[in-house]
2 protein chains.
Amino acid sequence: MLSLSQSTGYAILAMGCLDGPGGVYVHVGYLAKYTRIPVHYLSKIMRILAEKGFVETKRGNKGGFLLCRFPEEITLLEVVEAIEGPDWKGGCLLGIPKVWDKRACPIYRFCQEELRRIEKEFRSRKLSEMENFRRGCPRTITPSRRREIM
Amino acid sequence: MLSLSQSTGYAILAMGCLDGPGGVYVHVGYLAKYTRIPVHYLSKIMRILAEKGFVETKRGNKGGFLLCRFPEEITLLEVVEAIEGPDWKGGCLLGIPKVWDKRACPIYRFCQEELRRIEKEFRSRKLSEMENFRRGCPRTITPSRRREIM
DNA sequence: TGATTTTAGGACACGATACTCTTATTTGCA
DNA sequence: TGCAAATAAGAGTATCGTGTCCTAAAATCA
């Protein structure tokens with residue numbers, strides 16, 4: 001399938017729901033429910049994002065996750081590279097492992113142009129553009145609704 | 001990594017080296033060596049391509065593989081869909097599994113445009129455009145060189 | 001302090017992709 | 001006819017992405 005890994009999609013979905021510095025910590029359970037990501041798997045991804053310095057975590061009651069920077073300052077490209085690593089572009093959309101011979105790829109030039117275009121898009125788009133989505137994610141919740149979710 | 005699977009790249013690389021109807025059958029070992037694909041793995045892919053009706057096979061002495069149609073008539077899109085299946089587009093370059101809420105993907109419109117552009121490219125490009133690459137692939141070979149290869 | 005809430009971290013399972021190896025089976029040619 | 005060449009077929013292995021589960025540790029609050 002022509003796409004980055006699901007994990008990257010999950011990371012963007014989840015980060016798009018978080019508040020910036022000074023906001024409220026959001027429980028991973030709410031994130032998971034709202035974004036439809038398996039909760040234990042998302043928990044792992046959040047830990048990676050914490051290690052990479054994207055999110056701040058707080059344990060215990062009223063704990064959860066928070067962005068370390070404001071969403072206006074975080075580009076999609078940063079998130080992509082944090083999860084996929086620097087080689088996310090791969091070089092060939094067709095899946096030719098390493099195009100050692102340009103004649104081997106009938107769309108060599110097209111791939112280069114496309115990947116440049118896509119990277120430019122990723123670099124120009126910020127998490128803040130998911131604001132409308134973020135607002136739908138619950139932050140405080142009743143005990144009964146919590147039992148239903150978890 | 002943002003690409004189709006390696007198998008698709010392998011299929012295109014290999015098919016790009018084959019003759020059309022009436023040409024010579026090419027040994028999978030030569031294909032593998034020339035394209036730098038693991039020979040047993042390529043052998044499996046060739047069998048899939050044979051099942052799908054893209055290549056003709058001949059066993060035994062002087063056997064090998066041949067395209068069933070002329071390379072001018074075979075588009076990249078056909079090969080992609082044969083190996084990846086019809087859902088190769090996935091819908092979201094970022095890897096968001098199923099974009100149930102357009103607000104969830106900050107580049108929803110961009111993805112749609114890009115995938116349309118890429119599909120158009122795949123549909124317009126033919127295997128015959130790999131002619132220069134194909135010519136470098138050995139068809140007949142000495143026993144000593146064969147030992148070295150296999 | 002103790003109960004509750006929440007993340008941290010690791011073990012494990014499962015399927016897909018990528019790759020290897022061995023044993024048929026078919027074909028051409030001497 | 002028999003040998004050698006070549007694909008067919010399928011079992012086996014490794015790794016990775018995805019997902020589940022359990023226990024430990026930390027933080028809050030009564």
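Below, read A as the first sequence line, B as the second, and so on, with proteins coming before strands; counting in each chain starts at 1. Quick caveat: nothing in here was measured; it's all calculated off a predicted structure.
What separates CG of Leu66(A) from C1' of dT7(C) is a distance of 14 Å, to the nearest Å. Distance CD1 (Ile37(A)) to P (dT20(D)): 12 Å, rounded to an integer number of Å. The nearest whole Å value for the distance from the CD1 atom in Ile83(A) to the P atom in dG17(D) is 11 Å. What separates CD1 of Ile96(A) from C1' of dA18(C) is a distance of 17 Å, to the nearest Å. Rounded to an integer number of Å, the gap from CE of Met1(A) to C1' of dT18(D) is 13 Å. Atom CD of Gln6(A) and atom C1' of dG15(C) are 13 Å apart (whole Å). Rounded to an integer number of Å, the gap from Glu84(A) CD to dG17(D) C1' is 11 Å. Straight-line distance from the NE2 atom of His40(A) to the C1' atom of dG10(C): 13 Å, rounded to whole Å.
Inspection of the Tyr10(A) and Ser5(A) side chains reveals no N or O donor paired with an N or O acceptor under 3.5 Å.
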Check your understanding: Between Glu51(A) and Arg47(A), is a salt bridge (Lys or Arg N to Asp or Glu O under 4.0 Å) present by the stated rule, with each step listed?
Key -> CA-CA 6 Å; Glu51(A) 277 169 19; Arg47(A) 237 179 298 145; over 6 Å; no
**Study point:** Stepwise side-chain contact (heavy atoms from CB on, under 4.5 Å) test for Val80(A) and Thr75(A)
**Key:** CA-CA 9 Å; Val80(A) 166; Thr75(A) 68; over 6 Å; no
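Here the OG atom belonging to Ser3(A) is positioned 9.0 Å from the CG atom belonging to Leu94(B), to the nearest 0.5 angstrom.
The stretch residues 42-63 of chain A touches DNA chain D through Lys44(A), Lys58(A), Arg59(A), Gly60(A), Asn61(A), each having a heavy atom within less than 4.0 Å of the strand. Interface residues of residues 7-22 of chain A facing DNA chain C, ordered by number: none; criterion, heavy-atom separation under 4.0 Å.
A side-chain contact (heavy atoms from CB on, under 4.5 Å) with Phe54(A) is found for exactly one of Ile48(A), Leu49(A), Leu18(A), namely Leu49(A).
Under the 4.0 Å criterion applied to side-chain N and carboxylate O atoms, Arg117(B) and Glu113(A) are not assigned as salt-bridge partners. Salt bridge status for Arg135(A) with Glu131(A): present, with a side-chain N to carboxylate O gap under 4.0 Å.
Comparing dT7(C), dC21(D), dT22(C) by their closest approach to the side chain of Phe65(A) singles out dT7(C).
Shortest non-hydrogen contact noted between Trp100(A) and Tyr34(B) is CZ2-O, 3.6 Å.
Crowding of Lys52(B) atom NZ: a count of heavy atoms from other residues, nucleotides or ligands under 6.0 Å not exceeding 12.
OP1 or OP2 of dT7(D) has at least one side-chain nitrogen or oxygen of His27(B) nearer than 4.0 Å.
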